[in-house]
Novice: 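Below is one structure. I have some questions about it.
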Amino acid sequence: MKSSVLLIYTGGTIGMHTDPESGALVPFDFNHIYEEFPSLRRLEVDIEVLPFEPIDSSNASPELWVRLAENIRDNYERFDGFVVLHGTDTMSYSASALSFMLHNLAKPVVFTGSQIPIGVLRTDGRENLITAIEIAAAKDSKGRAEVPGVSLYFQNRLFRGNRTTKQSAEELSAFASNNYPPLAEVGVSIQYNHTYIARPKAGAQFSIDTRLERDVAIVKIFPGLTESIFRAMLSSGIKGVVLETYGAGNAPTKEWFIGALKEAIAKGISVVNVTQCSNGEVNMDIYETGVALQKIGVISGRDMTTEAAVTKMMYVLAHEHTPARRAKMLKKSICGEFGK
Ligand code: ASP
């Protein structure tokens with residue numbers, strides 16, 4: 001029997017073509033995807049399209065994530081897999097958020113997009129779209145989805161969604177997963193790396209949980225950061241901070257810096273430490289500059305991306321209401337967002 005895939009179109013470069021009248025790039029109507037892209041009919045997959053009002057993903061928000069989660073839930077039984085077409089700019093944030101919001105996902109939710117519009121001859125969108133659909137439809141010998149969970153497919157590689165980051169505004173290989181190996185590599189055939197693909201517990205019921213706390217911030221430290229600016233960043237009703245530090249999780253040991261963080265933590269603000277480096281992980285045991293953070297209750301984000309850390313913060317703060325319980329949940333891997 002043919003597999004079925006729901007293609008949810010949210011916008012971004014992939015859905016653009018040249019307007020015959022103005023010559024400008026405009027979003028095309030995804031209901032006409034087969035006219036734009038007739039070779040899709042040749043796939044041995046039943047595809048249904050669910051177009052949202054297209055947005056540039058710079059305008060993505062938790063409302064979009066909730067809408068995606070609800071549409072996946074409402075269509076969960078009808079389809080074998082889901083492909084989400086999304087602008088590349090914030091795709092890693094959306095894939096990370098969805099990984100926390102969709103529980104016991106036994107089916108694939110594959111995010112993809114493109115650097116060049118699908119209506120342009122040299123587009124990378126055609127291959128990304130076709131292979132994402134193939135992966136979303138793929139079953140193993142036991143009839144289970146090859147790659148359950150939220151993933152991101154781009155330029156011949158499939159990654160765990162919450163381990164990705166957009167690494168290039170120019171290269172067609174726009175995404176990287178620096179701390180976790182690809183789930184699949186695509187050449188003449190699709191090679192699945194089964195060791196790295198996580199599966200939900202057998203029989204666990206799929207559900208969604210869309211509660212997210214919005215009062216969070218990402219604070220990137222830099223040499224020259226002043227006390228007044230830092231204190232301003234930690235004020236105004238903030239409940240959680242993702243602190244982007246140097247190297248293996250190091251930050252200044254200046255009294256005012258540690259003092260400001262200590263006061264924030266004493267007020268109940270959760271602080272998670274991630275590194276500004278594109279690979280490697282936070283280890284607050286190595287240098288004095290990291291030990292000082294650990295002592296005052298800063299939580300290690302280990303090898304998490306900033307995208308995963310901030311969406312996890314939104315999720316955790318909406319679910320746990322005491323600093324101790326929040327810290328406990330932030331230290332755990334919820335859906336493979338850190339660790340090996
Ligand atoms: N600005 C676009 C977006 O993220 C870029 C893209 O789709 O590649 O929606």
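Order of appearance sets the numbers: ligands from 1, and atoms from 1 within every ligand.
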Novice: Looking only at distance, does Ser114 have an N or O less than 3.5 Å from an N or O of ligand 1?
Specialist: yes

Novice: For Ser173 and Arg157, test the side chains for any donor-to-acceptor distance below 3.5 angstrom and give the result as yes or no.
Specialist: yes

Novice: Whether Lys328 and Glu320 form a salt bridge (side-chain N of Lys/Arg under 4.0 Å from carboxylate O of Asp/Glu) is what I want to check.
Specialist: no

Novice: Can you check whether Thr88 has an N/O within less than 3.5 Å of an N/O in ligand 1?
Specialist: yes

Novice: Filter on salt bridge (Lys or Arg N to Asp or Glu O under 4.0 Å), then keep only pairs touching residues 105-125, sequence neighbours left out; what's left?
Specialist: none

Novice: Any N or O of Ser58 that comes nearer than 3.5 Å to an N or O of ligand 1?
Specialist: no

Novice: Quick one: look at Ala174 and ligand 1, take heavy-atom pairs under 4.0 Å, and tell me if it's side chain, backbone, both or neither.
Specialist: neither

Novice: Looking just at side-chain N and O atoms, do Glu127 and Tyr153 make a donor-acceptor pair shorter than 3.5 Å?
Specialist: yes

Novice: Pro51 pairs by side-chain contact (heavy atoms from CB on, under 4.5 Å) with which of Leu85, Ile33, Asn31?
Specialist: Asn31

Novice: For atom 4 (O) of ligand 1, what is the nearest protein heavy atom, given as residue, atom name and distance?
Specialist: Ser57 OG, 2.5 Å

Novice: Between the side chains of Glu307 and Lys166, is the shortest nitrogen-to-carboxylate-oxygen separation below 4.0 Å, so that they form an ion pair?
Specialist: no

Novice: Give the numbers and elements of all ligand 1 atoms closer than 4.0 Å to a heavy atom of Thr13.
Specialist: 2 (C), 5 (C), 6 (C), 7 (O), 8 (O)

Novice: In terms of atom number and element, which parts of ligand 1 are under 4.0 angstrom from non-hydrogen atoms of Gly12?
Specialist: 7 (O), 9 (O)

